Undergrad: 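One structure is given below, represented as structure tokens, and several questions about it will come after.
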Amino acid sequence: RLFRDVYTDVNVRQKKTLPTGELHTLLYKPPHSKHLKQTQAIARLMFQFCGMPFADFAHLEKSALEHGILRYNRIKTGTPMSLEILDVSKQEMNKLRNNNSPKENYPDYLFNIMKGDKQRKDEAIYKEYQSALRRFNNQLKSLSRELRLKSTVTSYTLRHSWATNAKYQGISIEMISESLGHKS
């Protein structure tokens, strides 16, 4: 009974990533519905933005984008991030762009994911985000079903798929880690 409090089982936590063919289908094969096209466009941008987490993507404000550079702080860690927007992403961004007029002391979101009708320090913003994340993951599930993908797709899967693809392209682990906004 010397090791009764020691965990001795094997813990297999495999990172979820999409096979290259399924990833290409998810990001580029056109779905039929307008809602799923929007979901696909968000997924494609998150992937193009170095596997940006949905939390950061949803909370991006218009002020973060200046002269083709996106500057923001990670929601989870507060790590400052800077990302050059490629021409291919600019067209996609314009389709998803929030064109509502800003209100003083309210977030002026870059994309139409969050409403921007709650003040910055309002606790309800987190609940709205959780609802948006749940909706996005459900839409990703519908998109993957329509495109007949075998793998499970979530916003987290997109992030890991970007990192895995970057590794296969020969990008250093340090650069991938930095691009993902990891502190270590």
Side-chain angles (χ1 to χ4, degrees), residues 26-28 30-144 153-163 166 175-184:
L26 176 76
L27 298 179
Y28 298 105
H32 298 297
S33 96
K34 182 181 176 183
H35 283 293
L36 293 182
K37 285 179 184 175
Q38 183 175 356
T39 300
Q40 185 181 55
I42 292 169
R44 193 167 33 243
L45 278 176
M46 288 171 56
F47 188 84
Q48 290 169 353
F49 292 173
C50 301
M52 181 183 281
F54 184 78
D56 294 351
F57 191 85
H59 286 93
L60 285 174
E61 293 195 37
K62 292 175 186 171
S63 61
L65 182 61
E66 193 173 309
H67 305 297
I69 305 290
L70 197 54
R71 289 185 175 84
Y72 66 98
N73 291 331
R74 288 275 328 270
I75 296 290
K76 184 177 178 181
T77 62
T79 304
M81 302 293 292
S82 185
L83 178 71
E84 182 180 357
I85 304 300
L86 303 175
D87 288 337
V88 70
S89 300
K90 288 176 185 175
Q91 294 172 336
E92 201 85 71
M93 288 175 68
N94 288 333
K95 293 176 191 173
L96 297 172
R97 195 175 189 97
N98 169 15
N99 294 316
N100 297 334
S101 300
K103 296 182 203 171
E104 196 171 331
N105 295 325
Y106 287 79
D108 188 17
Y109 294 121
L110 182 58
F111 301 114
N112 280 318
I113 295 172
M114 309 259 290
K115 294 178 186 171
D117 61 350
K118 296 159 189 66
Q119 290 192 338
R120 282 189 171 80
K121 302 289 182 183
D122 193 339
E123 191 177 297
I125 285 181
Y126 182 67
K127 289 181 181 179
E128 182 183 9
Y129 158 72
Q130 285 179 313
S131 178
L133 175 62
R134 206 171 15 259
R135 186 172 46 254
F136 180 65
N137 280 326
N138 284 334
Q139 290 168 340
L140 280 174
K141 190 176 186 178
S142 296
L143 178 61
S144 68
V153 181
T154 66
S155 61
Y156 191 71
T157 309
L158 291 169
R159 188 164 164 75
H160 272 279
S161 296
W162 179 83
M175 182 61 81
I176 294 169
S177 179
E178 186 177 320
S179 298
L180 291 170
H182 290 170
K183 291 216 177 226
S184 62

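Only a predicted model underlies this, so the values are computations on that prediction, with no experimental measurement involved.
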Undergrad: From Gln38 CD over to Ile42 CD1, what is the distance, rounded to the nearest 0.5 angstrom?
TA: 5.0 Å

Undergrad: Above 12 or not: heavy atoms from other molecules or residues under 6.0 Å from NZ of Lys115?
TA: no

Undergrad: About how many Å separate OH of Tyr156 and CG of Leu133, when rounded to the nearest 0.5 Å?
TA: 13.0 Å

Undergrad: Report the relative orientation of the aromatic rings in Tyr109 and His59; use parallel for angles under 30°, tilted for 30 to 60°, perpendicular for over 60°.
TA: perpendicular

Undergrad: Nearest 0.5 Å, please: how far is CG in Leu70 from NE2 in His67?
TA: 13.5 Å

Undergrad: Would you say the side-chain atoms of Gln139 pair up with the backbone N or O of Thr39, donor to acceptor, closer than 3.5 Å?
TA: no

Undergrad: Looking at side-chain heavy atoms only, is the closest gap between Trp162 and Leu180 below 4.5 Å?
TA: yes

Undergrad: With rounding to the nearest 0.5 Å, note down the distance linking OH in Tyr106 to CG in Asp117.
TA: 8.0 Å

Undergrad: Is a donor on one side and an acceptor on the other found under 3.5 Å between the side chain of Arg159 and the backbone of Gly51?
TA: yes

Undergrad: Counting C-beta onward and ignoring hydrogens, is there a side-chain heavy-atom pair between Met93 and Leu110 closer than 4.5 Å?
TA: yes

Undergrad: Check whether more than 12 heavy atoms from other residues, nucleotides or ligands sit under 6.0 Å from atom NZ of Lys62, and answer yes or no.
TA: yes

Undergrad: side-chain contact (heavy atoms from CB on, under 4.5 Å) with Glu92: which residues, sequence neighbours excluded?
TA: Ala41, Arg44, Leu45, Lys95

Undergrad: Between Glu128 and Lys118, does any side-chain N to carboxylate O distance fall below 4.0 Å?
TA: yes

Undergrad: Look at atom CD of Gln130 and say whether more than 12 heavy atoms of other residues, nucleotides or ligands are closer to it than 6.0 Å.
TA: yes

Undergrad: Taking side chain as C-beta onward, heavy atoms only, is Asn138 less than 4.5 Å from Arg135?
TA: no

Undergrad: Within the 4.5 Å heavy-atom criterion, are Leu86 and Gln48 side-chain neighbours or not?
TA: no

Undergrad: For residues Leu140 and Gln40, determine if any side-chain heavy atom of one lies less than 4.5 Å from a side-chain heavy atom of the other.
TA: no

Undergrad: Side chains of Val153 and Lys141: does their closest heavy-atom pair fall under 4.5 Å?
TA: no

Undergrad: Is the shortest heavy-atom distance from the side chain of Ile75 to the side chain of Pro53 under 4.5 Å?
TA: no

Undergrad: Return yes if some donor-acceptor pair links the side-chain N/O of Ser179 with the main-chain N/O of Met175 below 3.5 Å, else return no.
TA: yes

Undergrad: Is there a donor-acceptor contact under 3.5 Å from the side chain of Asn137 to the main chain of Ser155?
TA: yes

Undergrad: Determine whether Leu83 and Ile69 make a side-chain contact, defined as any pair of heavy atoms from C-beta on separated by less than 4.5 Å.
TA: no

Undergrad: Would the distance check show the side chain of Ser161 and the main-chain N or O of Thr157 forming a donor-acceptor pair, the cut-off being under 3.5 Å?
TA: yes

